[in-house]
Amino acid sequence: MKLINQFLLITFSILILLVSCSAKKRTTLKEAFADKFLIGTAMNSKQINGLDSASIRVIKEQFSAIVPENVMKSEVIQPVEGEFDFSLADQFVKFGEKNNLFITGHTLIWHSQLPGWFCVDAKGNNVSPEILKQRMKTHIYALVGRYKGRVKGWDVVNEAIEDDGSWRKSKFYEILGEDYIRLAFQYAHEADPQAELYYNDYSMALPGKRDAVVKMVNKLQQQGVKIDGIGMQGHMTMDFPSVEEFEKSIIAFSNTGVKVMITEMDISVLPKPGKNVGADVSLNFKYDKELNPYAGSLPDSVATALQNRYADFFRLFLKYKDKISRVTVWGVNDAQSWRNNWPVRGRTDYPLLFDRNNNPKPIVEIIIKEAEEAKK
Ligand code: XIL
């Protein structure tokens with residue numbers, strides 16, 4: 001009898017343990033969005049080289065896609081002509097494969113974080129169109145070719161259009177005209193015919209930029225260029241962009257027949273120095289205490305407003321889940337976000353889904369619920 005009682009007690013305890021364990025296991029972001037769209041994050045060097053184990057855990061647990069925040073940019077990959085450094089990029093791709101994550105490469109042709117030699121000769125003069133074409137081809141072949149079949153999609157051209165819809169007068173544009181865009185896509189396609197190829201830009205909710213991007217994509221398509229997606233970076237503030245204008249762009253982009261993705265989402269709660277919108281990385285305003293009001297902590301009212309804004313956008317993404325293939329946030333936790341240093345250095349911002357201790361903010365639960373509701 002005693003033995004039976006003991007047996008029952010042990011069985012009962014095990015059952016309780018099992019039930020409480022399974023109750024504690026929360027649905028993760030990637031589970032909630034599994035049948036909607038990929039949910040991604042950008043990875044920084046410390047995550048890629050394995051130093052930041054706490055946020056690596058969050059990546060493995062919560063996300064289904066990754067993109068490198070910096071380590072595939074041209075200044076890192078080819079700092080000197082003909083000298084390639086793939087060390088961190090290799091580790092990044094390996095991490096993605098090992099953890100079964102959709103891997104996007106970022107970015108092939110961009111005027112920023114571009115090594116000084118790329119568009120000029122030894123005297124600093126612009127190179128000829130022929131030489132620039134050759135350099136673009138060599139760079140793209142080397143990078144895309146190295147990860148052929150492993151990196152599934154590439155941000156081929158980044159930020160070619162200004163907010164008003166005019167062409168950005170980058171060196172690429174100066175030397176090759178708008179044709180540099182077509183060439184970049186062509187080279188990327190030659191290097192990996194299976195890879196998805198994207199155009200990526202910020203402030204995509206602005207009507208001028210929206211129209212120009214649609215026009216550019218249409219033209220590329222008419223020229224027979226393979227383009228698979230349009231990336232809306234999604235670096236936001238509390239008042240830009242409006243959900244309505246963002247929605248118009250999702251529709252307009254999707255009407256071109258390509259996939260739409262939100263590629264670099266973050267929402268800054270900090271005051272804007274000047275009227276700037278978007279994400280021009282070259283901006284750098286002088287620090288001022290007034291521009292850094294939440295250095296200690298975030299007041300509840302602001303946290304709630306931020307939460308509502310995130311929820312509004314995710315509701316929008318879910319509404320267009322058939323058109324959107326991926327939503328990626330630009331980093332894991334608030335401490336690592338570039339927004340702490342852009343467009344003013346040394347501030348304390350709260351733009352991401354996980355707090356400075358890698359704990360999910362309440363918004364994560366809300367987004368997960370929204371995704372589950374959207375199933376019905
Ligand atoms: C940013 C990174 O987050 C920073 O670490 C870096 O110093 C500058 O670039 N648009 C892009 C991204 O396409 O590559 C930029 O990333 C942010 C704006």
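Counting starts at 1 for both ligands and their atoms, in listed order. Owing to the predicted nature of the structure, the values given are computational and were not obtained by experimental measurement. Below, each value reflects all heavy atoms present in this structure, side chains not excepted, and no hydrogens, waters or symmetry copies.
Of the protein's non-hydrogen atoms, Asn70 OD1, 3.5 Å is the one closest to atom 6 (C) of ligand 1. In terms of protein heavy atoms, atom 2 (C) of ligand 1 is closest to Glu69 OE2, 3.4 Å. Looking from atom 10 (N) of ligand 1 to the surrounding protein, the closest heavy atom is Glu264 OE1, 3.0 Å.
To the nearest 0.5 angstrom, Ile367 atom CD1 is 4.5 Å from Ile363 atom CD1. Remark: Glu370 CD to Phe33 CZ distance equals 8.5 Å, nearest 0.5 Å.
Within the listing of ligand 1, atoms 11 (C), 12 (C), 13 (O), 14 (O) sit less than 4.0 angstrom from a heavy atom of His106. Ligand-side atoms of ligand 1 in range of Asn158: 11 (C), 13 (O), range being under 4.0 angstrom from any heavy atom.
In the candidate list Gln113, Glu159, Gln336, Gln113 is nearest to atom 8 (C) of ligand 1, counting heavy atoms. Of the options Met72, Gln233, Lys73, the smallest heavy-atom separation from atom 15 (C) of ligand 1 is shown by Lys73.
Between Glu264 and the choices Val67, Thr328, Asn200, Val329, the side-chain contact (heavy atoms from CB on, under 4.5 Å) rule is met once, by Asn200.
Using cut-offs of 30° and 60° on the angle between ring planes, the pair Phe118 and His139 is perpendicular.
Figure legend: cation-pi geometry between Arg146 and Phe84 absent, as NZ or CZ is not positioned both under 6.0 Å from the six-membered ring centre and within 45° of its axis. In this structure, Lys209 is positioned above the aromatic face of Tyr202, its NZ or CZ under 6.0 Å from the six-membered ring centre and within 45° of the axis.
Here Trp330 has side-chain heavy atoms under 4.0 Å from ligand 1, and that is the only part of it that gets that close.
Assignment of Trp110 to the shell around ligand 1 is supported, since a heavy atom sits closer than 4.0 Å.
Between Trp154 and Leu108 there is a side-chain heavy-atom pair separated by less than 4.5 Å.
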